Amino acid sequence: MDKRYFSDKVVEWYQTRKRNLPWRDTQDPYKIWLSEIILQQTRVAQGLPYYLRFIEKFPTVQALAAASEQEVLRLWQGLGYYTRARNLHKCAKEVVARFQGVFPDNFQTLKTLPGIGDYTAAAIASFAFRESVAVVDGNVFRVLSRIFGIDTEINSPEGKKVFAALANELISAKKPDQHNQAIMEFGALYCTPGKPECPECTFIGTCFAAKNELQGVLPVKTKAKAARPRYFYYYVIRKGKSMLMKKRDQKDIWHGLYDFYVVEKVKPANPVKLMAQDPLLKKFNPDDVTVSKKYKHVLSHQIIHATFITLAEQKSQASGADGLKYYSSQKISDLPKPVLISRFLEDYQLL
DNA sequence: AAAACGGGGTT
DNA sequence: AACCCAGTTTT
């Protein structure tokens, strides 16, 4: 397909079919940045309520920078990829400290901020400052590979180069913002991964994939390797109406968030035998142990095998040291916590 | 260059 | 239950 034809048509399509979203029709880099961070790996429907809550609580980058990390994590709760929230907060503080609270207005400088990579820098630079630099996200990979018939693997270093070069060749110098938005919106609404809306599509006669029935093949991607299994043994220790929670402090998934007391193993283990080796758990009577529930939680690159073990109440056990805290059942729902736990919490009530 | 990082949707 | 989806940082 002719490149110029595609660029013009897709922008035309966008102007008539685009969704109205609160971060569009603004040039405030703060709002654009916030929306882009939230929308990384997140669908609009899921991210929208978070965006609205963040803007309400932190209307400016200064307000966000002044918050505590815990406040930011709490508002982020349930979105996953908590590193995004930490970087969001770090970035706000840097914008205030390094740039007097004013976002840098170009791709290159934006990229020096935490949490802002190629995609996000291009999005902010083009949407807020009309810099002519192409965004290359999953939608762009998919649309360009199908329309122009490019079978370079999109997750290879080569693919990143090829698609970025093509996207930057296509971009209009006059309306880089609309051009970028148009391809992504087209990919999100029409040229979807599963079953694209080819019968309704304006490119049905010119698209390489449609002409050759290769929608199911393009874009080409190398397959991921098998997920790593992890075995979590959660010891649910109750004290009256309260439960023991531990802050995860290790440099690991969910650090800084709260968990039940957990012992992790690479291979399946016997939860009762595990107790004898643990400084806190060895104080409990193994006869009081009840294995209450088992879960398998499949994620992209991990398979979590979680076993929940309830322990009978003891007189003197865990103290407030070492991130250990008792929380009432009411308060636990307020904790910034791994979604794994929030998902199990309801079931926990049945234990 | 490859791995790590959650969670929801679809099949 | 198996499979799909993605941008940034770290190793």
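Throughout, a chain's letter reflects where its sequence line sits, starting with A, and its residues are numbered from 1. Bear in mind the structure is a predicted one, so any value in this text is a computation, not a measurement.
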Among A:Y190, A:W13, A:F148, A:F186, the one residue meeting ring pair (Phe, Tyr, Trp, His ring centres under 6.0 Å) with A:F203: A:F186
Results of salt bridge (charged side-chain N to carboxylate O under 4.0 Å, His left out) for A:E36 - residues two or more places apart only: none
Partners passing side-chain hydrogen bond (donor to acceptor under 3.5 Å, both in side chains) against A:N155 (at least two apart in sequence or in another chain): A:T222
Phosphate OP1/OP2 of B:dA4 contacted by A:Q302 side-chain N/O (<4.0 Å): no
Salt bridge (charged side-chain N to carboxylate O under 4.0 Å, His left out): pairs with one or both residues in residues 172-184 of chain A, sequence neighbours excluded: A:R130-A:D177
Salt bridge (charged side-chain N to carboxylate O under 4.0 Å, His left out) contacts touching residues 178-193 of chain A (sequence neighbours left out): A:R19-A:E185, A:R24-A:E185
Sequence neighbours excluded - salt bridge (charged side-chain N to carboxylate O under 4.0 Å, His left out) pairs with any residue from residues 96-124 of chain A: A:E94-A:R98, A:K111-A:D118
Under the salt bridge (charged side-chain N to carboxylate O under 4.0 Å, His left out) test, residues paired with A:D8 that sit two or more places apart: A:R4
Salt bridge (charged side-chain N to carboxylate O under 4.0 Å, His left out) involving A:E12 - partner list, sequence neighbours excluded: A:K9
Set of side-chain contact (heavy atoms from CB on, under 4.5 Å) partners for A:C91, sequence neighbours left out: A:W33, A:V95, A:L113, A:P114, A:I116
Terminal contacting nucleotides, 5' and 3', DNA chain C versus chain A (heavy atom, 4.0 Å): C:dC5 to C:dT11
Salt bridge (charged side-chain N to carboxylate O under 4.0 Å, His left out): pairs with one or both residues in residues 51-64 of chain A, sequence neighbours excluded: A:K57-A:E71
Stretch residues 185-202 of chain A: residues that reach within less than 4.0 Å of DNA chain C through a heavy atom: A:P193
Interface residues of residues 147-171 of chain A with DNA chain C (non-hydrogen, below 4.0 angstrom): none
